[in-house]
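Start at 1 and go down the list; that is how both ligands and their atoms are numbered.
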Amino acid sequence: MGTGRKSTSQESTNHVAVNSMKLAFIGAGNMAEAIVAGIVEKGVVDPGEVCVTDIDEDRLAHFVEQYGVGRSSGNSAAAAEADVVVLSVKPQVFPSVWPEIAAALKPDALVVSIMAGIPSAKIAGGRPLRVVRVMPNTPALVGAGAAGIAAGIFATAADLEIAKSLLGAVGVAVVVDEEQIDAVTALSGSGPAYVFYLLEAMLEAAGQMGLEPATARRLALATVAGAAKLMDESGEPADVLRRKVTSKGGTTEAAIGTMEERDVKKSVVAALLAAQARSKELACG
Ligand SMILES: NC(=O)c1ccc[n+]([C@@H]2O[C@H](COP(=O)([O-])OP(=O)(O)OC[C@H]3O[C@@H](n4cnc5c(N)ncnc54)[C@H](OP(=O)(O)O)[C@@H]3O)[C@@H](O)[C@H]2O)c1
């Protein structure tokens with residue numbers, strides 16, 4: 001879905017003050033909890049200005065107790081009060097909840113959707129509604145997320161800043177064009193699963209080589225985190241860093257050579273392209 005905007009990829013660096021705004025989270029699930037925890041703990045919002053809704057009373061009670069936010073069992077009542085409405089229900093729930101929420105929105109409300117696969121134009125439904133789409137990932141649950149943020153056609157630069165403030169509280173938030181959201185889904189949305197898959201394989205090999213599971217887990221996790229940190233802080237490309245640890249005739253060369261023989265890199269590229277294609281299919285409904 002094109003927004004007609006020029007590419008605006010950039011990391012979250014500055015935050016607009018959203019603590020004077022009323023926020024409503026529609027759907028108090030895992031991802032909503034990650035974001036609410038982050039924005040409350042980091043002081044991005046005053047918890048008294050945040051309201052969550054859910055069909056599960058226990059979830060609402062948990063949010064109130066844990067984060068000091070307000071609760072509502074009515075989606076439209078919560079939306080009617082909010083300056084920013086965060087759609088954090090599952091995409092399949094969207095068609096049933098959206099009509100009553102849309103009808104209740106304040107005229108100048110901003111809608112931030114974290115729902116996968118629902119284009120901003122579908123949410124706007126032909127009205128001049130300001131929608132920002134977000135593709136988060138599960139490491140947001142531990143404050144280490146990576147989110148792509150895209151402006152719908154009527155969203156402003158200030159709206160993007162609001163979304164960056166919310167998602168920046170739980171990790172990295174990067175602005176992209178909406179047509180790139182499927183690529184973001186394939187890269188960072190689904191990305192944690194690729195790393196877990198690699199870790200599964202590394203730990204299986206560690207077991208075959210006789211390492212204790214706890215020892216192997218500690219070493220493997222520190223290796224993944226350390227490699228990411230080294231690449232981030234050195235600013236060097238991945239292939240340069242890889243070559244630096246691959247001496248001729250050495251152990252790393254034996255490993256990488258085996259991967260190259262088996263076309264592992266091509267398989268990973270094909271996997272991400274398949275994820276992007278599937279994301280596009282899902283968005284078309
Ligand atoms: N998890 C991820 O990795 C990830 C990544 C990117 C994007 N997202 C998106 O984030 C969104 C939320 O995902 P999640 O993992 O947080 O899902 P989730 O834990 O299932 O959260 C959704 C919440 O909405 C509640 N709900 C259902 N019907 C409702 C209604 N009519 N009104 C209000 N609340 C209602 C659900 O209650 P019940 O459980 O009782 O049905 C649940 O508590 C999804 O749209 C997903 O596409 C997730």
Side-chain angles (χ1 to χ4, degrees), residues 23-39 50-64 66-67 69-82 85-105 111-120 122-123 131-150 163 166-167 170-174 176 178 180-197 272 275-276 278-285:
L23 271 69
F25 283 79
I26 310 296
N30 294 320
M31 203 47 84
E33 180 163 10
I35 299 170
V36 168
I39 59 180
V50 178
C51 178
V52 294
T53 78
D54 205 283
I55 48 175
D56 182 344
E57 288 292 323
D58 292 342
R59 287 296 293 166
L60 293 178
H62 168 71
F63 271 68
V64 172
Q66 190 74 27
Y67 307 109
V69 298
R71 54 177 279 172
S72 172
S73 50
N75 292 332
S76 55
E81 297 286 313
V85 174
V86 182
L87 296 176
S88 45
V89 286
K90 292 278 191 203
Q92 54 269 33
V93 173
F94 170 73
S96 62
V97 298
W98 182 236
E100 59 159 348
I101 295 168
L105 288 174
V111 175
V112 175
S113 167
I114 67 165
M115 298 179 298
I118 303 199
S120 66
K122 187 166 180 182
I123 297 169
V131 179
V132 172
R133 257 184 93 187
V134 174
M135 173 48 61
N137 70 5
T138 51
L141 300 171
V142 291
I149 293 175
L166 300 179
L167 274 298
V170 287
V172 169
V174 178
V176 296
E178 191 170 0
Q180 296 174 321
I181 281 284
D182 298 307
V184 171
T185 303
L187 179 64
S188 53
S190 301
Y194 318 148
V195 178
F196 299 140
Y197 189 74
L272 267 77
Q276 181 196 31
R278 183 67 185 135
S279 177
K280 282 184 181 163
E281 274 171 20
L282 292 171
C284 290

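- With a 4.5 Å cut-off on side-chain heavy atoms, Trp98 and Val111 count as touching.
- Side-chain contact between Val174 and Ile149 is absent, with no heavy-atom pair separated by less than 4.5 Å.
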Side-chain polar contacts of residues 136-146 - donor-acceptor pairs under 3.5 angstrom, sequence neighbours left out - could you list them?
{"unit_1": "Asn137", "atom_1": "OD1", "unit_2": "Ala146", "atom_2": "N", "d": "3.0"}
{"unit_1": "Asn137", "atom_1": "ND2", "unit_2": "Ser188", "atom_2": "O", "d": "2.9"}

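- Listed by first and then second residue, the salt bridge (Lys or Arg N to Asp or Glu O under 4.0 Å) pairs that reach into residues 88-105 come to none, sequence neighbours excluded.
- Near ligand 1, Gly27, Ala28, Gly29, Asn30, Met31, Thr53, Asp54, Ile55, Asn75, Ser88, Val89, Lys90, Pro91, Val93, Val97, Ile114, Met115, Ala116, Met135, Pro136, Thr138 each place a heavy atom less than 4.0 angstrom from the ligand.
- No side-chain donor from either of Thr185 and Gln276 sits under 3.5 Å from a side-chain acceptor of the other.
- Applying the salt bridge (charged side-chain N to carboxylate O under 4.0 Å, His left out) test to Glu33 and every residue at least two apart in sequence or in another chain returns Arg59.
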